[in-house]
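Read the structure below first, then the notes.
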Amino acid sequence: MMHRAKLCRLFATLLLFCLALPLQAQQFERVGNYQIHYSAVSTSFLSADVAAEHGIQRSPAMALVNVSVLEEREDGTTRTVNAPVSGTVGSVGDSSPASLSFRSLRTGDSVSQIAVFRIIEDEPMRFDLEVRHDRNEAPADIGFIQRFTIDR
């Protein structure tokens, strides 16, 4: 029960943070009847307690990418889908980007995938993600570029 409360707190923190971000930071792509939401943020925005509880290194030099998938139903509602994610991150033009190691965060019926990575300061970073939104279809390829600054 205590573990569930901690996950709920982390999910709420991530959700509130994502809602407070500028529009460019919280993005989504529609693939068929699915919405694939993604964002990348510095881990320094997480509270120390939440980061420690979930083994996330809180540092201005570290960031996390968060991916969640919603299925749009015929009645207009959505439901969260457990969608495995794999991918890489590196500077734009990097011929050997680093692999991202995703893990699931569950809160009630909600599931998201997160991966932590080291920021390349003040350089555009390219994310190439493969999201298995529907096990009967080919994975969706999601790519985006984001620049981070390290606040010291």
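All values below come from the heavy atoms of this structure, side chains included, with hydrogens, waters and symmetry mates left out. Because the structure is a prediction, the values reported are computed rather than measured.
Separation of atoms CD (Q35) and CD (E71) is listed at 11.0 Å; rounding is to 0.5 Å. For the atom pair CZ (R126) and CG (D94), the distance works out to 12.0 Å, reported to the nearest 0.5 Å. Taking CD of E137 as the reference point, atom CZ of R132 lies at 10.0 Å (rounded to 0.5 Å). Of the inter-residue distances, the one linking Q27 atom CD with I36 atom CD1 reads 13.0 Å to the nearest 0.5 angstrom.
Looking at every heavy atom in both residues, I119 comes nearest to A63 through CG1-CB, 3.8 Å. For the residue pair S59 and S42, the shortest heavy atom distance occurs at O-OG, 3.8 Å. The heavy-atom pair separating F117 from A40 by the smallest distance is CZ-CB, 4.4 Å. Annotation for A83 and Q113: closest pair O-CG, 3.3 Å, computed over non-hydrogen atoms. Counting all heavy atoms, side chain and backbone alike, V111 lies closest to T80 at N-CG2, 3.1 Å. Shown here for S101 and A115, the closest heavy-atom pair between the two residues is O-CB, 3.4 Å.
Formation of a donor-acceptor pair under 3.5 Å by the S112 side chain with backbone atoms of N66 is not found in this model. Without hydrogens or angle criteria, R58 side chain to S44 main chain gives a donor-acceptor distance under 3.5 Å.
Across L100, V116, I114, a single residue satisfies side chain to side chain contact (heavy atoms under 4.5 Å, CB included) together with V65, and that is L100. Checked options T88, V89, V67; the residue passing with F127 is V89 (criterion: side chain to side chain contact (heavy atoms under 4.5 Å, CB included)).
Using modelled atom types, one finds no donor on one side chain facing an acceptor on the other under 3.5 Å when comparing D49 with S47.
A heavy-atom distance below 4.5 Å is found between the side chains of L46 and L64. Counting only heavy atoms from C-beta outward, the side chains of L129 and F144 approach each other to under 4.5 Å. L70 is listed as a side-chain neighbour of H37, based on a closest heavy-atom distance under 4.5 Å. At a threshold of 4.5 Å between non-hydrogen side-chain atoms, the residues I145 and M125 do not count as touching.
Other residues, nucleotides and ligands place more than 12 heavy atoms under 6.0 Å from the CZ atom of R147.
Between H133 and Y34, the angle of the ring planes goes over 60°, which puts this pair in the perpendicular group of the 30/60° scheme.
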When you look at E130 and V85, which way does the side-chain contact (heavy atoms from CB on, under 4.5 Å) test go after all the steps? CA-CA 6 Å; E130 190 172 272; V85 178; over 6 Å; no
